[in-house]
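Take a look at the structure below.
Below, read A as the first sequence line, B as the second, and so on, with proteins coming before strands; counting in each chain starts at 1. Quick caveat: nothing in here was measured; it's all calculated off a predicted structure.
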Amino acid sequence: GENVEQHPSTLSVQEGDSAVIKCTYSDSASNYFPWYKQELGKGPQLIIDIRSNVGEKKDQRIAVTLNKTAKHFSLHITETQPEDSAVYFCAGRQGGFKTIFGAGTRLFVKA
Amino acid sequence: GAGVSQSPSNKVTEKGKDVELRCDPISGHTALYWYRQRLGQGLEFLIYFQGNSAPDKSGLPSDRFSAERTGESVSTLTIQRTQQEDSAVYLCASSRDRGRYEQYFGPGTRLTVT
């Protein structure tokens with residue numbers, strides 16, 4: 001079955017710097033890769049997603065890149081702000097219903 | 001419109017008791033998922049409902065766990081004879097249908113088994 005690995009588990013950056021979180025997946029049939037942000041005491045919220053027919057997608061300060069050959073995808077946050085501090089999860093989905101999540105990255109943005 | 005809601009937000013129970021957790025999906029969403037999130041860990045798939053199809057229960061960790069859904073609305077997750085290892089946040093998510101991949105999560109129910 002699909003396995004999604006996420007690195008790093010913790011990331012600390014200075015406000016204004018960029019943050020990069022990387023994920024790898026095992027099943028080459030996976031075709032949908034969402035990223036979720038989870039703030040303390042809340043459920044995960046979808047922030048950006050990418051499908052396997054696209055290599056990069058941007059939404060303001062957030063971008064996701066996908067390398068299908070290497071089976072890895074990354075989240076890039078530019079000009080980080082304190083409110084970006086949260087836990088971020090990557091995930092992979094094959095086209096059925098089951099979405100497999102990474103273990104999460106706790107991002108700290110220091111003011 | 002209203003998002004996914006879950007109740008209770010917190011539940012403390014004694015080992016061996018049964019608990020019921022409730023999820024109200026977004027109106028019109030036919031797909032509903034339950035996940036378990038242990039402290040500091042990722043999301044573990046438990047069960048999936050799609051319309052009137054038979055649910056996929058492949059993620060349920062033991063026969064103490066069960067879930068029901070009434071049509072395309074409310075779902076309840078039941079844990080019988082709770083154990084301390086059941087302590088976790090239980091998250092519910094819904095999506096418009098099987099073909100729409102975006103999942104919308106509720107705030108979760110934090111279950112503590114003492």
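Each of B/Tyr33 and B/Leu46 belongs to its own hydrophobic cluster when Ile, Leu, Val, Met, Phe, Trp and Tyr are linked at side-chain heavy-atom distances under 4.5 angstrom. Note: the hydrophobic cluster containing B/Val4 does not contain A/Tyr36 (ILVMFWY, side chain heavy atoms under 4.5 Å, direct or indirect links). Under a hydrophobic clustering in which Ile, Leu, Val, Met, Phe, Trp and Tyr are joined whenever their side-chain heavy atoms come within less than 4.5 Å, directly or via other members, B/Tyr90 and B/Phe105 fall into different clusters. A/Val4 and B/Phe45 sit in two unconnected hydrophobic clusters of ILVMFWY residues. Membership requires side-chain heavy atoms under 4.5 Å apart, directly or through other members. Residues A/Leu11 and A/Phe108 are members of separate hydrophobic clusters, defined by side-chain heavy-atom contacts under 4.5 angstrom among Ile, Leu, Val, Met, Phe, Trp and Tyr.
Only the side chain of B/Tyr35 comes within contact range of chain A, with at least one heavy atom under 4.5 Å from a heavy atom of that chain. Contact annotation for A/Thr99: both backbone and side-chain heavy atoms come within less than 4.5 Å of a heavy atom of chain B. Residue contact with chain A, scored on non-hydrogen atoms closer than 4.5 Å, involves the backbone and the side chain of B/Leu43 alike.
Within a 6.0 Å sphere centred on CD of A/Gln14, other residues, nucleotides and ligands contribute more than 12 heavy atoms. Shown here is A/Glu79, whose CD atom has no more than 12 heavy atoms of other residues, nucleotides or ligands within 6.0 Å. Within a 6.0 Å sphere centred on CD of B/Glu14, other residues, nucleotides and ligands contribute 12 heavy atoms or fewer.
Of all residues in residues 39-47 of chain A, those placing a non-hydrogen atom less than 4.5 angstrom from a non-hydrogen atom of chain B are A/Gly41, A/Lys42, A/Gly43, A/Pro44, A/Leu46. Taking 4.5 Å as the heavy-atom cut-off, the residues of residues 107-114 of chain B that approach chain A are B/Pro107, ordered by number. Residues of residues 54-73 of chain B lying under 4.5 angstrom from chain A, judged on non-hydrogen atoms, are B/Asp56, B/Ser58 by number.
Annotation: side chain of A/Phe101 is not in contact with side chain of B/Gln41 (no heavy-atom distance under 4.5 Å).
Contact between B/Gln37 and A/Phe89 at its shortest, heavy atoms only, is NE2-CZ, 3.2 Å.
Residues satisfying the salt bridge (Lys or Arg N to Asp or Glu O under 4.0 Å) test with B/Arg81, not counting sequence neighbours, are none.
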